[in-house]
Amino acid sequence: MSEPLVEAIANMREPEALKLTQELLESGVDPMKILELCGKAMDRVGKRFETQEYFLPELILAGKMLGRISEMVKPKLVKDYKVNRLGKVILGTVQGDIHDIGKNVVTFMLDVNGFEVHDLGIDLPAQKFVDAIKEIQPAVVGLSGFLTLAFDSMKKTIEAIKSAGLRDKVKIMIGGGQIDEMVKDYTGADAYGRDAMAAVSLCKKWIGGQ
Ligand code: B12
């Protein structure tokens with residue numbers, strides 16, 4: 001019954017996508033279900049990009065739609081899911097990579113689940129993470145990346161954290177399109193998370209809250 005939302009996003013019909021989101025929220029559909037449908041739509045967009053049916057403008061528009069839908073869903077999620085501030089997490093996309101849609105979903109989910117999230121942005125040199133750890137003193141650092149070259153950036157970032165003497169002060173999780181357990185081993189991270197809910201589970205395990 002809620003597949004029309006997937007169709008509207010995947011076919012770049014933004015006004016319809018926003019209207020459908022509003023209707024789903026008003027009819028009491030679980031906001032998590034709406035986010036799931038957004039993920040499904042992004043899969044379709046990604047496939048159309050790969051087959052060159054879509055190009056960069058469509059990807060950017062899809063990202064914006066997702067941002068707007070997240071903003072609409074957020075108040076409802078915060079209301080439904082009990083929120084206590086649980087601990088600090090810093091998160092960012094590593095150097096050379098500007099993909100941030102997945103990272104923004106992770107930021108959003110950590111936020112509504114009660115973590116104090118500091119989103120450092122995109123294309124971040126290792127030193128930015130080191131400086132932010134010193135300043136913010138988070139319990140968890142999240143590294144996001146969608147390009148193959150992000151593997152090396154993640155490894156360098158973790159080495160820089162180690163060189164700064166901060167490695168035993170933080171847990172490090174990584175994630176993004178091409179990331180898997182092998183990349184986790186390669187980079188020296190503590191864990192890999194497949195999606196935003198996995199990021200929430202890792203933070204709950206490390207910081208508490210479950
Ligand atoms: C959207 C997109 C773009 C957009 C990004 C917009 C933005 N603001 O992010 C734009 C158009 C800018 C773009 C640019 C490029 N892209 Co691009 N892009 C994509 C695309 C289609 C979707 C990625 C996405 O956002 N998915 C949506 C999210 C929600 O997906 P998700 O993976 O389910 O997200 C979850 C997890 O990843 C996880 N997660 C994410 N981060 C983290 C962090 C932690 C800590 C944890 C635990 C979990 C976690 O949680 C998320 C939420 O549940 C992918 C193809 C694909 N099918 O994935 C290509 C893709 C990633 N891009 C690719 C390429 C090559 C590029 C460009 C080089 C293209 C070019 N020629 O210019 C540039 C790179 C620029 C750069 N330096 O980064 C390649 C990468 C190939 C590779 N092996 O390196 C891909 C795979 C497409 C392809 N098959 O060719 N791209």
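Since this is a predicted model, take the numbers as computed values, not measurements. Counting starts at 1 for both ligands and their atoms, following the listed order.
Ion pairing between K74 and D111 holds under the 4.0 Å rule for side-chain N and carboxylate O. Using a 4.0 Å cut-off between a side-chain N of Lys or Arg and a carboxylate O of Asp or Glu, E7 and R13 do not qualify as a salt bridge. The pair E36-K40 does not count as a salt bridge, with every side-chain nitrogen at least 4.0 angstrom from each carboxylate oxygen. No salt bridge links K47 with E53; every basic N to acidic carboxylate O contact stays at or beyond 4.0 Å.
For atom 41 (N) of ligand 1, the nearest protein heavy atom is under 4.0 Å away. For atom 77 (N) of ligand 1, the nearest protein heavy atom lies closer than 4.0 Å. Atom 67 (C) of ligand 1 lies below 4.0 Å from none of the non-hydrogen atoms of the protein. Closer than 4.0 Å to atom 85 (C) of ligand 1 lies none of the heavy atoms of the protein. Distance remark: protein heavy atom present below 4.0 angstrom from atom 91 (N) of ligand 1. For atom 46 (C) of ligand 1, a protein heavy-atom neighbour is found at a distance under 4.0 Å. Counting only heavy atoms, the protein never gets under 4.0 Å from atom 72 (O) of ligand 1. There is no protein heavy atom closer than 4.0 angstrom to atom 54 (C) of ligand 1.
At least one N or O atom of T148, backbone or side chain, sits closer than 3.5 Å to an N or O atom of ligand 1. Checking only distances, G96 does come within under 3.5 Å of ligand 1, N or O to N or O. No N or O atom of G145 sits closer than 3.5 Å to an N or O atom of ligand 1.
Ligand 1 lies nowhere less than 4.0 angstrom from a heavy atom belonging to G63. Residue-ligand proximity: A198 is placed with every non-hydrogen atom at 4.0 Å or more from ligand 1. Using 4.0 Å as the threshold, G39 has no heavy atom nearer than that to any atom of ligand 1. In this structure, R194 is part of the shell of residues with a heavy atom less than 4.0 angstrom from ligand 1.
Nearest-residue assignment for atom 34 (O) of ligand 1 (options G92, G102, G67; heavy-atom criterion): G102. Scanning E36, E50, K40 for the heavy atom closest to atom 56 (C) of ligand 1 points to E50. Scanning L110, L147, I172, L143 for the heavy atom closest to atom 80 (C) of ligand 1 points to L147. The option with the heavy atom closest to atom 44 (C) of ligand 1, from among A191, G46, G175, is G175.
Annotation: atom 59 (C) of ligand 1 to nearest protein heavy atom, H99 NE2, 4.0 Å.
At least one side-chain heavy atom of I133 sits less than 4.5 Å from a side-chain heavy atom of V141. Side-chain contact between I207 and V140: present, with at least one pair of heavy atoms (C-beta onward) separated by less than 4.5 Å. Put simply, the side chain of R68 reaches to within 4.5 Å of the side chain of E14, judged on heavy atoms. For the pair L91 and H118, the minimum side-chain heavy-atom distance is 4.5 Å or more. For the pair I174 and T187, the minimum side-chain heavy-atom distance is below 4.5 Å.
The contact set between ligand 1 and D97, taken as ligand atoms under 4.0 Å from a residue heavy atom, comprises 78 (O). Short contacts between ligand 1 and G193, defined as distances under 4.0 Å to a heavy atom of the residue, involve ligand atoms 46 (C), 47 (C), 48 (C). For ligand 1, the atoms closer than 4.0 angstrom to any heavy atom of L59 are 1 (C), 2 (C), 3 (C), 11 (C), 19 (C), 21 (C), 91 (N). Near D195, with a cut-off below 4.0 Å to any heavy atom, the atoms of ligand 1 are 38 (C), 50 (O), 53 (O). Set against the non-hydrogen atoms of A199, the atoms of ligand 1 under 4.0 Å away are 47 (C). Each of the atoms 11 (C) of ligand 1 lies under 4.0 Å from some heavy atom of L56. Taking every non-hydrogen atom of A196 and a distance limit under 4.0 Å, the qualifying atoms of ligand 1 come out as 50 (O), 52 (C), 53 (O). For ligand 1, the atoms sitting less than 4.0 Å from at least one non-hydrogen atom of G177 are 37 (O), numbered in the order shown with element in parentheses.
Residue contacts with ligand 1 for I174 involve N, CA, C or O but no side-chain atom from C-beta outward (heavy atoms, distance under 4.0 Å). Residue-level proximity to ligand 1 for V105 is carried by the side chain, the only part with a heavy atom below 4.0 angstrom. Heavy atoms of M173 found under 4.0 angstrom from ligand 1 belong to the backbone as well as the side chain. Residue-level proximity to ligand 1 for I101 is carried by backbone and side chain together, each with a heavy atom below 4.0 angstrom. For D100, heavy-atom contacts with ligand 1 shorter than 4.0 Å involve the backbone as well as the side chain.
Results of the side chain to side chain donor-acceptor pair (under 3.5 Å) test with D190 over K171, R167, K184 single out R167 as the only residue that passes. Checked against N11 for a side chain to side chain donor-acceptor pair (under 3.5 Å), the options R44, E16, R48 give a single hit: R48. Of the residues listed (V29, L18, L37), the one engaging L5 in a side chain to side chain contact (heavy atoms under 4.5 Å, CB included) is L37, and it is the only one.
Of the inter-residue distances, the one linking M109 atom CE with S201 atom OG reads 9.5 Å to the nearest 0.5 angstrom. Separating the CZ atom in F129 from the CD1 atom in I161 is a distance of 7.5 Å, to the nearest 0.5 Å.
D100 places no side-chain N or O within donor-acceptor distance of the main-chain N or O of I122, the cut-off being under 3.5 Å. Looking only at distances, no side-chain donor or acceptor of T107 sits under 3.5 Å from a matching main-chain atom of D119.
Stacking of K155 on the aromatic ring of Y186 is recorded, both the 6.0 Å distance cut-off and the 45° axial limit being met.
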